Amino acid sequence: MLGDDEDVFDSVTWESPAAPQDTVGFATPSGPGYRQATAAESEEGRGPYDPKWEGYLITSVKDPVKELAETKDAYVSYLVSAKTNLPVFSMPNPSSRRRFQDFVFLRDHLSRDFPACVVPPLPDKHRLEYVTGDRFSPEFMERRRLELHRFLQRLSRHPTLQRSTLLRAFFESTEWHVHMHQHVAHPPGPEQSAGVIDSISDTLLNAFSRVRKPDERFLAMREGVDKFEEGLALSERLWTRMRTRTNGEYLPRPPLRAHVSGVRVSEAEGDGNPEPGEDLTGDYHDLAVAVQGLGFLESGITDPLNHFSNTLLEFSALLRHTTHTTSDPFLVHLHSLLMYSHANRAVLKLRDQKQMDFEELSDYLSGVTAERDRLAAVISGHAGSTGLGLGAYIKDRVDALRGADDDRSRVERMRNLDGKIKELQDAVTTAHETSDAFSDETLREQTIFQHGKDAEMKEMFGNLADGQIEFYRAAMEEWERIIPIIQRIRVDV
């Protein structure tokens, strides 16, 4: 049983050990996760559920390298580096090489050490490339690098996770494997030890339990998450359909090696191009071939028609290039953001679980107390005045048949129930404090998630807009180049 003086919420604390707040002298970028809270913000400007920033952390993942290339144990390592002024770090620019399994360890243990934090998901490892052997291709390694880069960016935007000692070791440690073993053997926080709340409440809850007294604040949050995920899923579905109609079936593929404005495109360019007629790029390809054939028949305008055919091929290649460099990354980021929102939903669900712990323990305590009162009423001869009804009467008859109907056994049972009631009262108090504390942390966490979501949405749609602007600019140049050539064609009537 947890003691009264024990902190029941160490595992999800937001505050790191005391550190100097004077970080003047660093050029800090702006934006959530990259700024520091001033003294005025800490005391006056911050609300009760606003996060506390102690500095900035800027991370990057680059330079994927195939290690042990000629062996069956080959793997890919990535250079992870950071720029920070956080006091928890021992150097301002740490860097090291890590493999995907190291990222998995980091993610899993951050989730365990900080259960109230929205720890971002990692990209799925069970890809077709692991079966076909293409996981060492430059295209796959680059996609994986971008996904891992986004994972660390999300950690760096979180004011608690960015200050975790495990994340610091991930960037700084030259003996990472030793640190991993030490972390497993001696995990931080008291959550590993089982107490009364674990041994009792876990046996009471099941997958069909619901919060009986829902908090309106979290109902609104869940509704917001539902709408956000519904919007993301709809956007993903529509953009996938549009991408398919533009350039065939959506599969993560690398950008074309050859491109675009000013470069003649041959019919055989690019592996994996869709068959003509199956999509918009194929339709432009078919049209280019038809115009080229028409030029052979019209000897007087063969050269202008060949120019027009080449422009159609250029535009087809431009569509394909834009798909691979803009639409595909947008879809990947959209899906990643949806998975990130699922992690946020899991935290809300865990908060509900904490409240259900308290509610179920309270009901259990009420039942044990009612049983104790029933026994006391029977002993005093006032069983009928307890109002316990038919159930109590049947229980009395069963006790009589079992030979447990004498006052001595009832007194012994009452003594046991009194001890159980005291234990349950302590457990209910602990569960209530834990539920309230977890609710407060969840409110702070939603503010942090909203900051990160806003930053990602701005980045995602900004990249999409930039890509579309570049596409239309290049398309205009192509068509403006061919218009004078077409206008010089003279047709005798």
Side-chain angles (χ1 to χ4, degrees), residues 7 9-61 79-98 102-103 105-107 109-120 149 151-176 178-180 182-183 186-191 437 440-441 444-445 447-449 451-452 455:
D7 189 348
F9 213 67
D10 283 347
S11 60
V12 290
T13 181
W14 287 75
E15 305 299 329
S16 64
Q21 294 294 317
D22 185 11
T23 51
V24 178
F26 292 88
T28 60
S30 61
Y34 300 134
R35 62 182 177 85
Q36 307 171 74
T38 63
E41 286 178 327
S42 299
E43 299 298 330
E44 300 176 4
R46 288 198 308 127
Y49 302 116
D50 288 339
K52 179 181 180 181
W53 305 91
E54 289 191 0
Y56 64 85
L57 176 64
I58 306 172
T59 61
S60 68
V61 179
L79 178 63
V80 296
S81 56
K83 178 180 179 182
T84 182
N85 66 347
L86 290 169
V88 70
F89 284 82
S90 61
M91 58 185 74
N93 297 288
S95 65
S96 57
R97 296 202 71 86
R98 299 287 181 252
D102 299 328
F103 284 87
F105 180 90
L106 175 66
R107 199 269 171 191
H109 285 265
L110 285 178
S111 298
R112 188 185 68 178
D113 298 341
F114 301 94
C117 294
V118 180
V119 181
H149 175 74
F151 168 75
L152 288 185
Q153 270 191 328
R154 289 167 174 168
L155 293 181
S156 69
R157 289 189 177 117
H158 198 291
T160 300
L161 300 179
Q162 68 172 195
R163 294 185 277 118
S164 78
T165 56
L166 185 61
L167 185 62
R168 180 198 65 190
F170 183 79
F171 283 104
E172 294 184 348
S173 178
T174 58
E175 297 180 340
W176 170 246
V178 175
H179 191 91
M180 285 195 297
Q182 291 176 345
H183 191 86
H186 306 286
E191 73 277 5
D440 291 343
E441 299 301 324
R444 295 187 183 95
E445 192 64 23
T447 302
I448 295 169
F449 180 78
H451 279 312

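Since this is a predicted model, take the numbers as computed values, not measurements.
- Between Trp53 and Gln162 the shortest side-chain heavy-atom distance falls below 4.5 Å.
- For the pair Arg157 and His451, the minimum side-chain heavy-atom distance is 4.5 Å or more.
- Nearest heavy atom pair, residue Pro187 against residue Arg112, reads CB-NH2, 3.3 Å.
- Put simply, the side chain of Ser96 gets close to the backbone of Phe170: a donor and an acceptor are under 3.5 Å apart.
- Under the 4.5 Å side-chain criterion, counting only non-hydrogen atoms from C-beta, Phe171 is not in contact with Thr84.
- Rounded to the nearest 0.5 Å, atoms CZ (Arg168) and OG (Ser90) are 6.5 Å apart.
- Contact check for Thr59 versus Val80: no side-chain heavy atoms found under the 4.5 Å cut-off.
- The backbone N or O of Tyr56 lies less than 3.5 Å from a partner atom in the side chain of Asn85, making a donor-acceptor pair.
- We find the OG1-NE2 distance between Thr174 and His179 to be 11.5 Å, quoted to the nearest 0.5 Å.
- Using a 4.5 Å heavy-atom threshold, the side chains of Ile448 and Val118 count as separate.
- In this structure, the separation between OG on Ser156 and CG on Leu167 is 8.5 Å, given to the nearest 0.5 Å.
- No option in Leu57, Leu166, Val119 other than Val119 meets the side chain to side chain contact (heavy atoms under 4.5 Å, CB included) test with Leu161.
- Between atom CZ of residue Arg163 and atom CG of residue Leu155 there is a gap of 13.5 Å, rounded to the nearest 0.5 Å.
- In terms of heavy-atom proximity, His183 sits nearest to Asp113 at NE2-OD2, 2.8 Å.
- If you take NE2 on His158 and OG on Ser164, they are separated by 10.5 Å, rounding to the nearest 0.5 Å.
- A donor-acceptor pair is defined here as one N or O able to donate and one able to accept, closer than 3.5 Å; no such pair exists between the side chain of Arg98 and the backbone of Phe103.
- Considering all non-hydrogen atoms of both residues, Arg107 and Pro120 come closest at NE-O, 3.0 Å.
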